[in-house]
Amino acid sequence: MTEENSSLNFIEQIIADDLAAGLSPDKLRFRFPPEPNGYLHIGHAASICLNFGLGEKYNAPVNLRFDDTNPAKEEQEYVDAIKRDIQWLGFKWAIECYSSDYFQQLYDWAIQLIKEGKAYVDGQSAEAMAEQKGTPSTPGVAGPFRDLSVEENLNLFQRMKDGEFEQGSYVLRAKIDMTSPNMLMRDPILYRVVKKAHHRTGTDWCIYPMYDWTHGESDYIEQISHSICTLEFKMHRELYDWFLDQIIDPAKLRPIQREFARRNLSYTVMSKRKLLELVQSKTVSGWDDPRMPTISGLRRRGYTPESIRNFSDLSGISKRDSVTDVSLLEYCIREDLNKVATRVMGVLDPVKLVITNYPAGKTELLVSENNPEDPNSGTHELPFSGELYIEREDFKEEAGSNFFRLTLGNEVRLKSAYIIKGESVVKDTEGNILEIHCTADLDSRSGSGTEASTRKVKGTLHWVSIQHAITAEVREYDRLFLDEAPDSNEDKNFMEFVNPDSLKIISKAYLEPFLADAKVGDKFQFQRLGYFTLDKDSSAEKLVFNKTVGLRDSWAKQKPTPTAQSNPSNSQKSNPKPAQDQQVRSAINEIQKIAKKYTNLSGDKLAAARADIARLAEEVSYEELEPLFQTAAKKVGTRIGAMITLGVLLNKGQARNSEIEAFIAAGLSDENELLVEEAKVVGSGQ
RNA sequence: UGGUCUAUGGUGUAACUGGCAACACGUCUGAUUUUGGUUCAGAAGAGUCUAGGUUCGAGCCCUAGUAGACCAACCA
């Protein structure tokens, strides 16, 4: 299926190594283990695509396991949402599992640990235990419960299970090492008392196993070969292995845990706790608010499963923390939607356009391509008349030659219709434009085959016929946060960076009537504007469209941004350094650039490069050159460039000084012949 | 102050047992275009955190630094 030639990520490398070391391919099994305490987000998508992708690649089963060991936080609603999201992404799990399925087995193993003297019940306060635990740099000490007898432990644990103790009063701990440099090994808790009904086991249990005690053992029960989690669990691996050691049957497969870096996205937050805070504070309308980085939010925004999977592929997997720029996500959705979205026209900020020479009252049906990228996509009808709306932004009474749109006296094409020419404007007393009057070249109708219909004009505008247009609400979204990494600021809460203008509602946009039949989730390209999808808030009386993402817009980059809002990516601190590439490159920089690859050249190219450097050197001052004398020894090319430049300067009368002599001397004794040669020339040439 | 991990263009990832640092996004040109979209052609941008060492040869191996992340929840 997947090509063998593409390079493996480090997880795949590990698997390949295990296979090479004798692991049977049919033992391969993976799992995706979410806690049902929130909605899945784009970061989870990385894990989902990794695990299920591995399943597809190796033809191995992938379990979906709900890690539901904390009834205080988990709910059925989240289980349902998670399943829906994974299915929507297009993945199929082998078995739907729950950690709670293993409560009895886990309990039995805990009893075994107690009997072996490897676990004990502790009745101290959380504070007392934390005290004894020490700190990362100071070892912990044993508490008074550590040496209870097996009988006493068995008795106390039974009473914990029977509900005799209050929440928070007793815990079961593993007896490992209170002085371990790994805090997790300092007698971690296995069980705590939680008197709350569980979404699946109800009130069967009042003691619940902790993550560490549960996870590895669950992997073992399910015979997961590779248990892949995020980097923050790296420290847990030692414990994971210790727990496995206690119960493992050597005849069975032993799971291994491996960790990869969490995926962060710029201008958003990605922890469930923070996303929950956004929901609960009503900053957003819910987990599926289109501004949320949740799978459900992205789906509602108009993202496709393909785009998200592709994003995960392109992002890659590694072990270092990183922040992927949203531009990659936007690229992925544009690329997908460009192929599949039906082209339509809609005007968001209308101004009236009257075609004075179009017969009054006449209407006609034009033909509009559904998607020029897909020859099989067909066409739809598009009503035209003498009174239209166009985008207010698409008209200026006068403009420079780089404005390709409608001005007085200039021609543009109305997409799929006629070429028109701006003639005059009607204004109100305050000077606001009420109507634009123009004339059409009635011979130029698109597709009519006339000579006029194939004329080239500089611009093409989208439009909508006033009498035929339908109206809709359109919601445009900007990034939710103004900071590139809102949750990584030392002393500021991420909520301080919430973008107050992340939602812009256009309550009355005018759309072509074809859109009246749109269904929730349908994807459209409003030509020249962007991609839009019909939102679930739509009703028979009122359509609501979400803007998924705008089209790439090289025009927007050229014009001075009227408000910082329209292009926040440049307004924030995103570029601490000035854009170095737009400055005029100085001669010395040019020399460095050429010299960098000098040693790779030969023959004519080498001679040409040397001539270029010598020519550029004419413009270099000694003050610019001197710092290059410090160039590291291994950057030979740069040193040669500096040597050639120095020769030119000396010929121009630059006086010799100790720095120069030292640089020449160093060049003479260098191993690189080219450098030695240049040094000789410079050293001898008076 | 302890332990663990990480460090490659603006961003994200490659570079097989050491052998001319590659790909994608982004940026910039030009061509095409009835979407300032798409497509096509091209360019700029990194000597791989620093300093040493091993080697004919180091992004990769070794040593010492530096920086960042993680670890002291009865969360996962």
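All values below were derived from every heavy atom in this structure, side-chain atoms included, with hydrogens, water molecules and symmetry-related copies excluded. Source: prediction; values computed, not measured. So you know, we letter chains A, B, ... as the sequences are listed, proteins then strands, and number each from 1.
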- prompt: Would A:Trp555 count as stacked on B:rG36 if the rule is ring centres under 5.5 Å and plane angle under 30°?
  reply: yes

field: Proximity to the side chain of A:Arg552 - top-ranked nucleotide from B:rU4, B:rU35, B:rU27
entry: B:rU27

message: Under a 3.5 Å cutoff, is there a donor and acceptor pairing between the side chains of A:Arg334 and A:Ser307?
response: no

task: Determine the contact category for A:Pro372: base if any of its heavy atoms lies under 4.0 Å from a base atom, sugar-phosphate if only primed atoms, P, OP1 or OP2 are that close, otherwise nothing.
output: base

statement: Against the side chain of A:Leu551, the closest entry in B:rU38, B:rU35, B:rC74 is B:rU35

message: Once you apply a heavy-atom cut-off of 4.0 Å, does A:Arg186 come out as touching a base, just sugar-phosphate, or nothing?
response: nothing

statement: Ranking B:rU33, B:rC75, B:rU27 by distance to the side chain of A:Lys557, first place goes to B:rU27

Using nucleotides 66-72 of chain B, report all nitrogen or oxygen pairs with the protein that are shorter than 3.5 Å.
from	atom 1	to	atom 2	distance (Å)
B:rA69	O2'	A:Asp321	OD2	3.3

query: Which part of the nucleic acid, if any, lies within contact of A:Lys73, taking any heavy atom under 4.0 Å across all strands shown: a base, the sugar-phosphate backbone alone, or nothing?
result: base

query: Would you say A:Tyr331 stacks on B:rG26, if stacking means ring centres under 5.5 Å apart and planes within less than 30 degrees?
result: no

message: Is it true that A:Tyr120 and A:Asp187 share a donor-acceptor pair across their side chains at a distance under 3.5 Å?
response: yes

message: Need one value for A:Phe403: base, sugar-phosphate or nothing, where a base atom within 4.0 Å counts as base even if backbone is also close, heavy atoms only.
response: base

message: For the residue pair A:Arg263 / A:Thr324, report whether a side-chain donor-acceptor contact shorter than 3.5 Å exists.
response: yes

query: Donor-acceptor pair under 3.5 Å: do we get one between A:Glu330's side chain and the base of B:rG26?
result: no

query: Between the side-chain atoms of A:Gln525 and the base atoms of B:rU35, is any donor-acceptor pair under 3.5 Å?
result: yes

query: Using a cut-off of less than 4.0 Å, is there contact between a side-chain N or O of A:Thr69 and OP1 or OP2 of B:rC75?
result: no

message: Need one value for A:Gly447: base, sugar-phosphate or nothing, where a base atom within 4.0 Å counts as base even if backbone is also close, heavy atoms only.
response: base

query: Are A:His215 and A:Phe233 near enough that their ring centres are under 6.0 Å apart?
result: no

Aromatic A:Trp463 / basic A:Lys415 pairing, under 6.0 angstrom, 45° off normal: no

- request: Sticking with atom C1', work out how far B:rA22 lies from B:rG59, rounded to a whole angstrom.
  value: 13 Å

message: Are A:Phe311 and A:Tyr331, when compared by the centres of their aromatic rings, separated by less than 6.0 Å?
response: no

query: With a 4.0 Å cut-off on heavy atoms, is A:Val323 in touch with a base, just the backbone sugar-phosphate, or nothing at all?
result: sugar-phosphate

- request: Kindly say if A:Lys319 contacts the phosphate of B:rC5, meaning a side-chain N or O under 4.0 Å from OP1 or OP2.
  value: no

task: Just compare B:rG2, B:rU11, B:rU35 and give me whichever is closest to any side-chain atom of A:Lys415.
output: B:rU35

- line: Side-chain atoms of A:Arg405 come closest, of B:rG36, B:rU34, B:rA24, to B:rG36

query: What nucleotide, of B:rU13, B:rU34, B:rC74, holds the atom closest to the side chain of A:Ser318?
result: B:rU13

- prompt: Does the B:rU35 base have a donor-acceptor partner in the side chain of A:Arg528 within less than 3.5 Å?
  reply: no

- request: Determine whether the aromatic ring centres of A:Phe157 and A:Tyr191 lie less than 6.0 Å apart.
  value: yes

- prompt: A:Phe524 and A:Phe532: aromatic ring centres closer than 6.0 Å?
  reply: no

query: Just checking A:Asn402: base, sugar-phosphate only, or nothing, at a heavy-atom cut-off of under 4.0 Å?
result: base

message: Is the phosphate of B:rC75 approached by A:Arg273 (side-chain N or O, under 4.0 Å from OP1 or OP2)?
response: no

- prompt: What about A:Arg263, does its side chain sit under 3.5 Å from the base of B:rG12 through a donor-acceptor pair?
  reply: no

